[in-house]
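Below, all heavy atoms of this structure are taken into account, side chains as well, without hydrogens, waters or symmetry copies.
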Amino acid sequence: MKHIKIIEITKKVPFLDQEVEIKQLTVRGIKELQRSLDKAKTEDVGGLKTLSTIFREAVVGAENMKDVEFENFPIKALTELSQEILVYNGLAASDDKGGELGKKS
């Protein structure tokens, strides 16, 4: 498998009636995200630090955004995009209706 060239895999998803591009993280990227999330938990207020950490790692163009910039977005939109990112990276599951598996509607 050493001959396999690693490429960045992305997909476009809707966000606030527009589109953003999200990345499929590598195993290393997932480990780095987890370390960042573990660190963010100690200073997280209302989950915004967690969301901004996920976006910086997985949304194309969000790498250099400051925490305060995320405060301009609706929390529901941020949460929905976060769920989309987690599903795309195999860190959450959804059924064919878009709901999370194991949760009742």
Working for side chain to side chain contact (heavy atoms under 4.5 Å, CB included), residues Leu51 and Leu81: CA-CA 9 Å; Leu51 292 173; Leu81 181 56; over 6 Å; no
Can you name the residues that form a side-chain hydrogen bond (donor to acceptor under 3.5 Å, both in side chains) with [X], not counting sequence neighbours?
X	value
Glu21	Thr10
Glu71	none
Glu63	Lys23
Lys11	Glu84

Could you tell me the separation between the [atom1] atom of [X] and the [atom2] atom of [Y], rounded to the nearest 0.5 Å?
X	Y	atom1	atom2	result
Asn89	Leu33	CG	CG	8.0 Å
Leu78	Asn72	CG	CG	10.0 Å
Leu25	Glu8	CG	CD	9.0 Å
Gln83	Leu91	CD	CG	10.0 Å
Glu80	Ile75	CD	CD1	11.0 Å
Ile9	Ile22	CD1	CD1	12.0 Å

If you take all heavy atoms of [X] and [Y], which pair is closest and at what distance?
X	Y	result
Arg56	Ala62	CG-O, 3.3 Å
Ala58	Ile85	CB-CG2, 3.5 Å
Ala77	Phe15	O-CE1, 3.5 Å

Is there side-chain contact between [X] and [Y], with at least one heavy-atom pair below 4.5 Å?
X	Y	answer
Val20	Val60	no
Gln34	Ile30	no
Thr50	Ser82	no

For Ser36, enumerate each residue passing the side-chain contact (heavy atoms from CB on, under 4.5 Å) test, keeping only those at least two apart in sequence or located in another chain.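 So Ser36 forms a side-chain contact (heavy atoms from CB on, under 4.5 Å) with Thr53, Glu57.
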Which residues satisfy the side-chain contact (heavy atoms from CB on, under 4.5 Å) test with Lys66, sequence neighbours excluded?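 Result, side-chain contact (heavy atoms from CB on, under 4.5 Å) vs Lys66: Val68, Glu69.
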Would you say CG of Asp17 has more than 12 non-hydrogen atoms from neighbouring residues, nucleotides or ligands within 6.0 angstrom?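 No, because the 6.0 Å sphere around CG of Asp17 holds 12 heavy atoms or fewer from other groups.
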Shared hydrophobic cluster for Leu86 and Val27 (ILVMFWY, side-chain gaps under 4.5 Å):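 Not linked; separate clusters.
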